[in-house]
Amino acid sequence: MDAQYHPKQIEAAAQAEWTRADAYRVHENGLDRQGKPKPKFYACSMLPYPSGKLHMGHVRNYTINDMMARQLRMKGFNVLQPMGWDAFGLPAENAAMKNHVAPAKWTYDNIAYMKKQCQTMGWAIDWSREFATCDSAYYKWNQWLFLKMLEKGIAYKKTQVVNWDPVDQTVLANEQVIDGKGWRSGAPVEKREIPGYYLAITKYADELLDCVANKLPGWPANVRAMQENWIGKSVGVRFAFPHDIKDASGTLVQDGKLFVFTTRADTIMGVTFCAVAAEHPLAAVAATRDTKIAAFIEETKRGTVMEADMATMEKKGVATGLFVTHPLTGDKLEVWIGNYVLITYGDGAVMGVPGHDERDFAFAKKYALSIKQVIDAGKVYSTEAWQPHYADYGVCIHSGPMDGMDYAKAIDYVAANTATGGGEKKTQYRLRDWGVSRQRFWGTPIPIIHCADCGDMPVPYKDLPVVLPQDLIPDGSGNPLKNDERFLNCACPACGKPARRETDTLDTFVDSAWYYMRYTSPNTAVDYHDKMVSAQNDYWMPMDQYIGGITHAVLHLLYARFWTKAMRDLGLLSFDEPFTKLLCQGMVLNHIYYRKGARGGIEYFAPSDVETVVDAQGRPATYRLKTDGSAVEYDGVGTMSKSKLNGVDPQDMVDTYGADAARLFVMFASPPEQTIEWSSAGVEGAQRYLRRVWNFAATNSAIIRSAESVNATVLDVAAKKFRHDLHATLKQANFDYSRLQYNTVISACMKLLNALEENRHAPPSLLREGLSILLRVLYPACPHIAHALWSQLDYTKEFGDLLDAAWPEPDPAALEQDEIELVVQVNGKLRGHIRVPKVATKEAVEHIALNDEGVKRHTEGKPVKKIIVVPGKLVNVVV
RNA sequence: GCCGGGGUGGCGGAACUGGUAGACGCACGGGACUCAAAAUCCCGCGCCUGCAAGGGCGUGCCGGUUCGAUUCCGGCCCUCGGCACCA
């Protein structure tokens, strides 16, 4: 065999062999060596957007997935690891405008290149199940399910104030607005009133919340908490303030009831005003009567929707001159329009209790409204300045019939005594329905036909898919579908008259809400063309392990859960939750170097152009450019970004060091959930290790090939110790595999090699066994080198092909030791080590411990109070 | 403000149910090989003290439980992430 490690050659050869053997194709009827059905394991990563080339985040994500998939396959599982492309979306449109190519071509070209990169990385993907979400064979089912949802009332159309992204020229869902800015464009979002389709995710709010709490123990706590917060359940009372306010046409507004929701109905006797949002019907009535009010409403409506700003914004309001009646006291209360009242939450109106609510307090102070204490929480109360404890729970006072009631009694009382006016206990959610209409071209066409006579008509199922034209090139002036007569013109499915197609497309989060259930429908399935998900989906789902970035903790993961429940209710699925276990991998960070320019601007430098000057202790002292030696500043680590020039192209890394070294570094640098700090020295270290593995195998190949199998009965003490170390390390590695702590798995591989090198003169049978363990433990991380050495050292004869070789388990006999080392402590401090026979009695161990030199030094002349013996671990002498 | 993670050598990180703190690697220092360099191999590497053997200190800070605490409990400090006028 080759004495040198040549990653390029062995990686290309291994990949060619796997491709030839179609090694990664899985079948639902996968059988084990005994011919029994294997247990299934579905390990899937969030699908990539085909932006052009793989980035480091992909490399990390899919390598974690691959390591799991390869190991579990050897453990005897029938493992599905698929891949596809989240291919709809704006970057394709932007690239189309820039380069004047159709989004379809740009997208498919990128997919072809990135697929090649995936194969170069050596990921064990079943490519027969690959698809792009822009394939009509896929998005047909988006349209199909959308129509089913319409029938079920889960999808519906409405016109409402929405988040408008002025840069991307489209509507955004609430989940897609981050700090008041579009999640993709970063542009401040505007408010617009636009008709669109919505999915009633709020119908599932309670179930989504309940399942987070009770059915997802395999999810990280932070993701579960984020989803709980997002759904935002509040339990309280909804009741009405009666009134007789009429609009300009003389109609009683909202049947004479101003509904509000409150979690603090116990403070109802402290209400001194009501406040409504600028968009509230009562505000509209007030506007017709007073131009100043109309002006205020306009200003508030146009004002920022940046929620972060709103939190710190000054409370402003205007009195309407309209009055409602307190449902319990009959007092007249004035209605105010407040800029802090959200039309999108509850009824867009609140009861004002300045005595016990910080916002109402600030509002009342500003406009000199009365403040009334109605809760006694046992602390000093003054209306001078707000104190946080004013919001504490307590006992009702100054509350007439409610005096002395605690919170529970008080809310029961309020619900009961407002019931005739529609009052009731109610649960309110922060979650809002999911707006899915996008005014963009490159997405799933919404399957609706607009007929002048019949209205909005669903496209008949037999006419699906509504195909998106592949040749249109957006020019920045909006959705090109609007001008495409071929697409627009159609016949009304009801009356047959000429009609126009809907030009909005579905949010791309629809595509990613269920793609993982299309991978499970192989194109060989009998019902592949007739069903959204084939029968095989029931075999693979729910997914055993999902892997992806924490950035999707709310958006994608909430939509996917909702979509699953909706499919279940349409009879397509029989489970409630799609992802049994979730792993959110950390980001890949890199160092940031910069220099302040003469005009105060900041100039960034690529880490590869900077060298670190260290002091005598090896600590970084200064940083300078490799080119001219001039000094630069270090700004810590941060996400890889184009502007900071600290991105690393994985392709460069693979070209220089090989895929195995790249994979090894990424797996070794940190546990999967934590961030990784990029380090070129670290990748070099990874390759150095692989070279050592290769060298060890090459130097010892002859004796290993011809070695007998291990005969444990004839080993001497040193050989026994060696074998014990090998199997103890294997035991640890297996434990770390089971808890997905892959960085310490790699550490175990390194220990195995260290042990082999130190014991290179041990009996060949042990070297053969040791290397067979190392290659199998290393293989899921670095499959190519393991594959090459496995066959070159003739392990295939004994264990079969590495892809399906039995996973190594530690030999219990090897873990047994005749003599064990114990730690001896005096008063809990380490004072020595002793070797005792495994079978030694407690008394014998105590005796040996007390005679240890280190122990004697610290016990001399002091009476021994007691001795604690932890079998197999330590002895602690207390004096 | 609320919710959820974290604070361990020069650095990334390890330590499973309370039982040898710092595994494994990186960086650094010394040595071997070499005309030389690279590569490779060997040794050292928490801090203080000591020629050494050894001793003292040490897992953000203060306290508690325990024979024994990075691990459990109470109170702080710092930091990262998410949410935030949600009534």
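Chain A is the first sequence line, chain B the second, and so forth, proteins listed ahead of strands; every chain is numbered from 1.
The aromatic rings of A:Tyr5 and A:Trp694 sit tilted, their planes meeting at an angle between 30° and 60°.
Looking at the side chain of A:Lys873, the nearest of the listed nucleotides B:G4, B:C41, B:G19 is B:G19. With B:C3, B:C16, B:A23 as the choices, the nucleotide that has an atom nearest any side-chain atom of A:Thr744 turns out to be B:A23. With distances taken from any side-chain atom of A:Met226 to the nucleotides B:A87, B:G19, B:G82, the minimum falls on B:G82. Among B:G56, B:C86, B:A87, the nucleotide with an atom closest to any side-chain atom of A:Arg831 is B:G56. Here the side chain of A:Asn743 is nearest to one of B:G25, B:A14, B:C85, namely B:A14. When the nucleotides B:G4, B:G54, B:G19 are ranked by their closest atom to the side chain of A:Asn876, B:G19 comes out on top. Side-chain proximity of A:Ser234 to the nucleotides B:C83, B:C24, B:A87 is greatest for B:A87. The side chain of A:Ile868 sits closest to B:C67 out of B:C67, B:G4, B:G10. With B:A87, B:C41, B:C57 as the choices, the nucleotide that has an atom nearest any side-chain atom of A:Thr263 turns out to be B:A87. When distances are taken from the side chain of A:Thr262 to each of B:C85, B:A87, B:A23, the shortest belongs to B:A87.
Salt bridge present: A:Glu757 and A:Arg692 bring a charged side-chain N and a carboxylate O closer than 4.0 Å.
Partner assigned to B:G1 is B:C83, using Watson-Crick or G-U wobble distances below 3.5 angstrom. The nucleotide B:A39 finds no pairing partner, because no Watson-Crick or G-U wobble arrangement with both distances shorter than 3.5 Å includes it. Under the Watson-Crick or G-U wobble criterion, with both distances below 3.5 Å, B:G46 is paired with B:C57. The partner of B:C24 is B:G12, by the rule that a Watson-Crick or G-U pair needs both atom distances under 3.5 Å.
Taking 4.0 angstrom as the limit, A:Arg688 places a side-chain polar atom (N or O) nearer than this to OP1 or OP2 of B:U40. Remark: A:Lys829 is in phosphate contact with B:C57, judged by side-chain N or O atoms under 4.0 Å from OP1 or OP2. One finds no side-chain N or O of A:Arg432 lying less than 4.0 angstrom from the OP1 or OP2 phosphate oxygen of B:C86. Contact between the side-chain N/O atoms of A:Gln741 and the OP1/OP2 oxygens of B:A15 is found at a separation under 4.0 Å. Contact check, A:Arg691 against B:U40: a side-chain N or O comes under 4.0 Å of OP1 or OP2. Contact annotation: A:His858 side-chain N/O to B:G55 OP1/OP2 distance is under 4.0 Å. The side chain of A:Lys751 places no N or O atom within less than 4.0 Å of a non-bridging phosphate oxygen (OP1 or OP2) of B:C24. For the pair A:Arg238 and B:A87, the criterion of a side-chain N or O lying under 4.0 Å from OP1 or OP2 is not met. Between B:G55 and A:Arg857, a contact under 4.0 Å exists linking OP1 or OP2 to a side-chain N or O.
Put simply, the side chain of A:Asn229 and the base of B:C83 share no donor and acceptor less than 3.5 Å apart. The base of B:C67 has none of its N or O atoms less than 3.5 Å from a complementary donor or acceptor on the side chain of A:Lys865. Side chain A:Glu684 to base B:C26: no donor-acceptor pair is found below 3.5 Å.
Atom OG1 of A:Thr202 sits about 3.5 Å away from atom CG of A:Asp433, to the nearest 0.5 Å. Here A:Thr267 contributes atom OG1 and A:Tyr407 contributes atom OH; the two are 9.5 Å apart, rounded to the nearest 0.5 Å. Taking CE of A:Met67 as the reference point, atom CG of A:Leu778 lies at 8.0 Å (rounded to 0.5 Å).
The C1' atoms of B:U8 and B:A14 are separated by 10 Å, rounded to the nearest whole Å. Rounded to whole Å, the separation between the C1' atoms of B:G1 and B:A84 comes to 8 Å. Nucleotides B:C67 and B:C48, compared at atom P, are 35 Å apart to the nearest Å. Of the P atoms belonging to B:A21 and B:U65, the separation is 22 Å, rounded to the nearest Å.
Residue-level contact check: A:Gln825 touches the bases, meaning some heavy atom is under 4.0 Å from a base atom. Nucleic acid contact class of A:Val341 (heavy atoms, under 4.0 Å, all strands): base. Within the 4.0 angstrom heavy-atom criterion, no nucleotide atom of any strand lies near A:Asn695. Among the heavy atoms of the strands lying under 4.0 Å from A:Arg739 are primed sugar atoms or P, OP1, OP2 only; no base atom is included.
A:Tyr657 places none of its side-chain heavy atoms less than 4.5 Å from the side chain of A:Leu690.
Both thresholds, 5.5 Å between centres and 30° between ring planes, are not jointly met by A:Trp230 relative to the base of B:C83, so the two rings are not stacked.
Annotation: cation-pi geometry not satisfied between A:Arg430 and A:Tyr345 (NZ/CZ under 6.0 angstrom from ring centroid, within 45° of ring axis).
Classification of B:G10 as anti follows from a glycosidic angle more than 90° from 0.
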